[in-house]
Amino acid sequence: MDDADAAGAQALKAQGRALIQECAFVAGRRVAAADDARVEVDDPAEETVLGVVPDLPAEEVESAIRSAAEAFPAWSRTPQAQRAACLRRWAALVDDNEAGLAALLSLENGKPFEEARGEIRYANGFIKWFAGVAEELRGEVAESPLPGHTILTLREAVGPVAVITPWNFPAAMITRKLAAAFAAGCTAVVKPASQTPFTAIALCELALEAGVPEGAFSVVTGESGRIGRLLTASPLIRKLSFTGSTPVGRRLMEQCAPTLKRLSMELGGAAPLVVFEDADLDVAVAETLKGKFRNAGQTCVCPNRVYVHRELFAAFVEQLADAVANLAVGSPFEPGVKVGPLIDMKGVAKVEDHVRLARASGAEAVVGGDRHARGGRFFQPTVLAGGDDELFRREETFGPVVPVFPFDDEAEALARANHSDFGLAAFVFTRDLDRAFRFARGLEDGIVGVNAGLISNPVVPFGGVKQSGFGREGSIYGIDEYLSVKSVTLALR
Ligand code: NAP
């Protein structure tokens, strides 16, 4: 970096650091960390401590739950146009603070600054979208088969919800849930990932400033197992919306069973990406690159295994390897960086293990394959060719590694794509419209991209099937996760 770039990076970091608040938010009240009950949050690029948040005691978590329950009647009865206006004010504040929020997100998550800015815009897109959905919210009227009887169908807010989110999208996974919840009239207690709580806390402060009632949005931080048990056991919490790994999702479902909570489960994936022999090679390579290397490959929808028709295999691998070799790796604030560090050393060890096992099964590392020379949590962007796909059907790598496998025909490609317990996202590249539609219909996944590697925005119904979970976020369906249907039969006498 030259002097001007270094000064720019320092200025952005300072902007991000200025938004760090070392507290939880319990019904609008800032709760600081006690000396003996705190969680350190670090910067994955520098491996230095950014700050601490409290490991909240049970009484503070319970206070947040009670406040959500107390705030619910008034908020759910607030006219929907007012709730929409509140969401729009929140969105305007997020727009005003975009650069600072993006810098904060880069600091705690490690994704490159421009990508983090993209996440803030994407996250804010959900707030703006659900403001519109809130205004359109309505029920139905139907004639009853009984003479003189009319049936009103009301759509009512579910109640106070618990929201638990991961570190890989510290802003978007929160707004994708909360904007829908607030549009519906729900109140919420949010437990962000311990590795990225500061973005959540900053978003909460802006929401309260925009007029979301204090009890309607608490952010509780601390040991997840304990806080998770408190949230799931409480009869005051009527729903859990969880985004995270499949094993934790399973456990939370069990914990919610005694109180029969409504559930949304946005869980892990092992997305297949299939390239047919008639695909536009440039498009297929460019979209694979975009889909895979966002957030250093730490996204639930990024291609985990790429299948390329044998006729195109060598050309695809060569072109992809050339492009991957040119991806700049570095700190989020260095200009031009496309791949940042992984979130922690556990993540690095997993990626390393996947590369080792792939090689042992016969794969060749065409580019990359090792930890990056920068050390720390950086890993080389990697392309693997050949070997066994079993591991990549079973486990998400969550790192900058693309394993590519050849296939011979459409039936084989579909069978291998579907041969996984996961069913979140899938991608297919072909110029044959019949095949594109047939293949998309055959895929056992919730979200499919045809000739497209980026497939999420507020208009897309987002969610999985099989062990990737259930429920849909974003789109016109996302609000249904936070609504119950009530029928009222009116008899005219
Ligand atoms: P994770 O380990 O499942 O953690 C997710 C959240 O759950 C964090 O807030 C974590 O808190 C909390 N948690 C962990 N154990 C818990 C427990 N026993 N009780 C209550 N809460 C608990 O997942 P992650 O590593 O953060 O995120 C990566 C995973 O999320 C991947 O599997 C990815 O595919 C998935 N994901 C899915 C989607 C989707 O839309 N389907 C989107 C993004 C990510 P702590 O951080 O405090 O432990």
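Just so you know, ligand 1 is whichever comes first in the structure, and atom 1 is the first atom listed for that ligand.
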Show the atoms of ligand 1 that are less than 4.0 angstrom away from any heavy atom in M173. 42 (C)
Pick one of side chain, backbone, both or neither for how E473 approaches ligand 1, counting any non-hydrogen atom pair under 4.0 Å. neither
Provide, to 0.1 Å, the distance between atom 41 (N) of ligand 1 and the closest protein heavy atom, together with that atom's residue and name. L267 O, 2.8 Å
Ligand-side contact atoms (ligand 1) for residue partner L252, heavy atom cut-off under 4.0 Å: 19 (N), 20 (C)
Under 4.0 Å to a heavy atom of A193 - the qualifying atoms of ligand 1, by number: 8 (C), 9 (O), 46 (O)
State whether F242 and K191 meet the cation-pi test: NZ (Lys) or CZ (Arg) under 6.0 Å from the six-membered ring centroid, and within 45° of the perpendicular axis. no
Structural part of R176 in contact with ligand 1, heavy atom criterion under 4.0 angstrom: side chain
What atoms of ligand 1 come within less than 4.0 Å of a heavy atom belonging to T243? 5 (C), 36 (N), 37 (C), 38 (C), 39 (C), 40 (O), 42 (C), 43 (C), 44 (C)
Counting each atom of ligand 1 from 1 as listed, which ones have a heavy atom of G268 under 4.0 Å away? 32 (O), 34 (O)
Between the side chains of E287 and K290, is the shortest nitrogen-to-carboxylate-oxygen separation below 4.0 Å, so that they form an ion pair? yes
Salt bridge D55-R226, side-chain N to carboxylate O under 4.0 Å: yes
Any side-chain to backbone donor/acceptor pair from N295 onto N168? Under 3.5 Å, distance only. yes
Hey, are E60 and R29 close enough for a salt bridge, meaning a charged N less than 4.0 Å from a carboxylate O? yes
I'd like to know whether K13 forms a side-chain hydrogen bond (donor to acceptor under 3.5 Å, both in side chains) with S106, so could you lay out the CA-CA distance, the side-chain angles of the two residues, the decisive distance to 0.1 Å, and finally the verdict. CA-CA 9 Å; K13 282 188 194 180; S106 285; over 6 Å; no
Compare P166, S194, G228 and give the one whose heavy atom is closest to atom 46 (O) of ligand 1. S194
Answer yes when R356 and D353 have at least one side-chain N-carboxylate O distance shorter than 4.0 Å, and no when they do not. yes
Within 45° cone of F407 ring axis and under 6.0 Å: R416 NZ or CZ: no
I'd like the name of whichever of F398, F422, F462 reaches closest to atom 28 (C) of ligand 1 through any heavy atom. F398
Would you say the side-chain atoms of T288 pair up with the backbone N or O of A284, donor to acceptor, closer than 3.5 Å? yes
Can you name the atoms of ligand 1, numbered from 1 with element, that are less than 4.0 Å from a heavy atom of P192? 9 (O)
Using a strict cut-off of 4.0 Å, indicate which atoms of ligand 1 neighbour a heavy atom of F242. 3 (O), 5 (C), 6 (C), 7 (O)
Residue pair E62 / R66, side-chain heavy-atom distance below 4.5 Å: yes
Below 4.0 Å, non-hydrogen atoms only: which portion of E223 touches ligand 1? Side chain, backbone, both or neither. neither
Atoms in ligand 1 with a heavy atom of N168 nearer than 4.0 Å: 43 (C), 44 (C)
Under 3.5 Å: N/O of T246 near N/O of ligand 1: no
For atom 48 (O) of ligand 1, grab the closest protein heavy atom and report residue, atom and distance to one decimal in Å. S224 OG, 3.1 Å
Pair E334 + R374, salt bridge at N-O below 4.0 Å: yes
Considering non-hydrogen atoms of the protein only, which is the closest contact for atom 35 (C) of ligand 1, and what is the distance? G244 O, 3.3 Å
When you check the side-chain N and O atoms of K177 and S264, is any donor under 3.5 Å from an acceptor? no
Does ligand 1 have a heavy atom under 4.0 Å from the side chain of T299, from its backbone, from both, or from neither? neither
Got an N/O contact under 3.5 Å between K191 and ligand 1? yes
Ranked by distance from atom 12 (C) of ligand 1, the top protein heavy atom is I164 CG2, 3.7 Å
Run through F427, F439, F429, F405 and flag the one making a ring pair (Phe, Tyr, Trp, His ring centres under 6.0 Å) with Y307. F405
Check R393 with E390, please: is the shortest side-chain N to carboxylate O separation under 4.0 Å? no
Would you say the side chain of W129 lies within less than 4.5 Å of the side chain of I476, judging by non-hydrogen atoms? yes
Protein heavy atom at shortest distance from atom 18 (N) of ligand 1: R251 NH1, 3.4 Å
Is any side-chain N of the basic residue among E115 and R294 closer than 4.0 Å to the acidic one's carboxylate O? no
So which of S468, G225, C300 gets nearest to atom 42 (C) of ligand 1, if we judge by its closest heavy atom? C300
Could you tell me whether atom 4 (O) of ligand 1 has a protein heavy atom closer than 4.0 Å? no
Would W167 count as a contact residue for ligand 1, given that I'm defining contact as a non-hydrogen atom of the residue lying under 4.0 Å from a ligand atom? yes
When only distance counts, is S245 in polar contact with ligand 1, meaning an N/O pair under 3.5 Å? yes
Is E396 close to ligand 1, meaning an N/O of one under 3.5 Å from an N/O of the other? yes
In this structure, atom 6 (C) of ligand 1 is nearest to the protein heavy atom T165 O, 3.5 Å
